[in-house]
Amino acid sequence: MATLLPQIKEKFENIINESDEKFKDANYDESIFLLEEAWNLIPSPKGLYSEESYHLVKDIIDTCFIKNDFKKAKEWADKIFLTGFDRIDSGDKEFISGRVAFELGDLETAKEFFRIASDKSEGRCFGSPKKAKYLKFFKATRV
């Protein structure tokens, strides 16, 4: 796993902290803007910077869900596969992409992402009560 150079890491963390403050103030657009700025600081290939890149993209997608901005969430769901190369592959990326596809009404894509996520996680990806609607959909499509 690569690590950010100290001068980049400091700037990256300052931007993330600023984004967190904007998020706490419910200024979601500004929070996302800052996260995008931080994304641009990560050298390519960004997936080598495993934790930074994965959590940054996940945070953007989660914030897009709060805003119900699923088109923007889709842009970032496409990028999540470019992140976290060293992470254990438990289907998180596919589950996130499945949620985005589901919310956009692309149910065939959602079904396939959920199938992969379920296989990789042995069903644990649906564990949270917040994910009940996705589990209900997934079970209904398996009949």
Side-chain angles (χ1 to χ4, degrees), residues 1-139 141:
M1 178 170 63
T3 56
L4 296 172
L5 294 173
Q7 65 271 24
I8 294 174
K9 184 176 177 80
E10 182 179 346
K11 188 171 182 180
F12 180 88
E13 290 175 351
N14 287 339
I15 292 172
I16 296 296
N17 290 337
E18 190 177 347
S19 172
D20 288 347
E21 290 300 317
K22 298 294 182 185
F23 184 88
K24 287 176 192 170
D25 294 339
N27 188 345
Y28 303 124
D29 289 330
E30 188 65 25
S31 176
I32 290 172
F33 176 80
L34 290 165
L35 291 173
E36 291 172 334
E37 186 178 331
W39 171 259
N40 290 329
L41 291 175
I42 302 172
S44 292
K46 296 178 185 301
L48 294 177
Y49 303 88
S50 204
E51 293 305 314
E52 292 93 345
S53 63
Y54 174 77
H55 288 291
L56 186 145
V57 171
K58 187 176 180 306
D59 286 350
I60 290 174
I61 294 169
D62 288 345
T63 305
C64 289
F65 267 70
I66 291 170
K67 295 181 52 189
N68 292 323
D69 185 351
F70 302 114
K71 282 187 170 183
K72 190 162 190 84
K74 171 78 169 85
E75 289 174 31
W76 286 94
D78 292 343
K79 292 179 183 174
I80 203 161
F81 294 99
L82 304 174
T83 70
F85 293 167
D86 284 344
R87 292 181 52 81
I88 294 172
D89 187 2
S90 59
D92 288 344
K93 295 175 185 177
E94 288 82 2
F95 189 78
I96 290 167
S97 295
R99 288 177 52 217
V100 171
F102 178 88
E103 298 299 341
L104 286 170
D106 185 355
L107 300 182
E108 282 302 313
T109 301
K111 177 182 165 184
E112 185 60 18
F113 274 127
F114 287 150
R115 184 194 60 75
I116 296 168
S118 182
D119 288 350
K120 287 182 175 180
S121 71
E122 298 177 347
R124 288 187 297 273
C125 62
F126 296 105
S128 164
K130 291 180 180 177
K131 301 171 181 173
K133 73 177 176 181
Y134 306 117
L135 178 59
K136 183 178 177 183
F137 163 75
F138 183 63
K139 284 183 174 179
T141 63

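All figures in this text were calculated on a predicted structure; none of them were measured in a lab.
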Using the salt bridge (charged side-chain N to carboxylate O under 4.0 Å, His left out) rule, pick out the option among K133, K74, K71, K67 that qualifies with E103. K133

For F114 and F95, take the angle between the two ring planes, folded into 0 to 90°, and tell me which bin it lands in: parallel under 30, tilted 30 to 60, perpendicular over 60. tilted

Should the heavy atoms of other residues, nucleotides or ligands under 6.0 Å from CZ of F81 be counted, would the total exceed 12? yes

Show, in sequence, the C-alpha distance, side-chain angles and deciding distance for Y28 and D69, and conclude whether the side-chain contact (heavy atoms from CB on, under 4.5 Å) test is met. CA-CA 11 Å; Y28 303 124; D69 185 351; over 6 Å; no

Minimal non-hydrogen separation, I32 against C64, with atom names: CD1-SG, 3.9 Å

Keeping S53 on the side-chain end and K46 on the backbone end, is there a donor-acceptor pair under 3.5 Å? yes

Heavy atoms, side chains only, cut-off 4.5 Å: are D62 and R99 in contact? yes

Non-hydrogen side-chain atoms of F126 and K139 separated by less than 4.5 Å: no

Shortest non-hydrogen contact from I16 toward L35: CD1-CD2, 3.6 Å

Given the side-chain rings of Y54 and Y49, with only the six-membered ring counted for Trp, is the space between their centroids under 6.0 Å? no

Going by heavy atoms in the side chains, are F138 and K131 under 4.5 Å from each other? no

Would you give the length of the straight line joining atom NZ of K11 to atom CD1 of I8, rounded to the nearest 0.5 angstrom? 9.0 Å

Quick one: pull up CD1 in I42 and CG in L48 and give me the separation to the nearest 0.5 Å. 11.0 Å

Given the rule in the side-chain contact (heavy atoms from CB on, under 4.5 Å) test, do E36 and K72 qualify, once you have shown the distances and angles that lead to the verdict? CA-CA 12 Å; E36 291 172 334; K72 190 162 190 84; 2.8 Å; yes

Would you name the heavy atoms of A77 and S97 that are closest together and state the gap between them? O-OG, 3.7 Å

Test your reading of the model: is there a side-chain donor-acceptor pair from D86 to the backbone of S50, 3.5 Å cut-off? no

Roughly how far, to the nearest 0.5 Å, is CD of E112 from CD1 of I116? 4.5 Å

In Å, rounded to the nearest 0.5 Å, how long is the span from OG of S121 to CD1 of I88? 13.5 Å

Can you tell me if T63 uses its side chain to pair, donor with acceptor, with the backbone of D59 under 3.5 Å? yes

Salt bridge (charged side-chain N to carboxylate O under 4.0 Å, His left out) between D92 and R87, worked out: CA-CA 10 Å; D92 288 344; R87 292 181 52 81; 3.5 Å; yes

Do F113 and F102 make the cut of ring centroids closer than 6.0 angstrom? no

Are any of the side-chain nitrogens in K24 or D20 under 4.0 Å away from the carboxylate oxygens of its partner? no

Under 6.0 Å from the CD atom of E10, do we count more than 12 heavy atoms belonging to anything else shown? no

Is it true that a side-chain atom of K93 and a backbone atom of T83 form a donor plus acceptor pair closer than 3.5 Å? yes

So, for G91 and A117, which heavy atoms are closest and what is the spacing to 0.1 Å? O-CB, 3.4 Å

Main chain of I15, side chain of S19: is a donor-acceptor contact present, judged purely on distance under 3.5 Å? no

Give the intermediate values and the outcome of side-chain contact (heavy atoms from CB on, under 4.5 Å) for residues E18 and E21. CA-CA 5 Å; E18 190 177 347; E21 290 300 317; 5.7 Å; no

What's the separation between atom NZ in K58 and atom CD1 in I61, rounded to the nearest 0.5 Å? 8.5 Å

Between CG on residue N14 and NZ on residue K9, distance to nearest 0.5 Å: 11.5 Å

Considering non-hydrogen atoms only, spot the tightest contact between L104 and F70 and give its length. CD2-CB, 3.5 Å

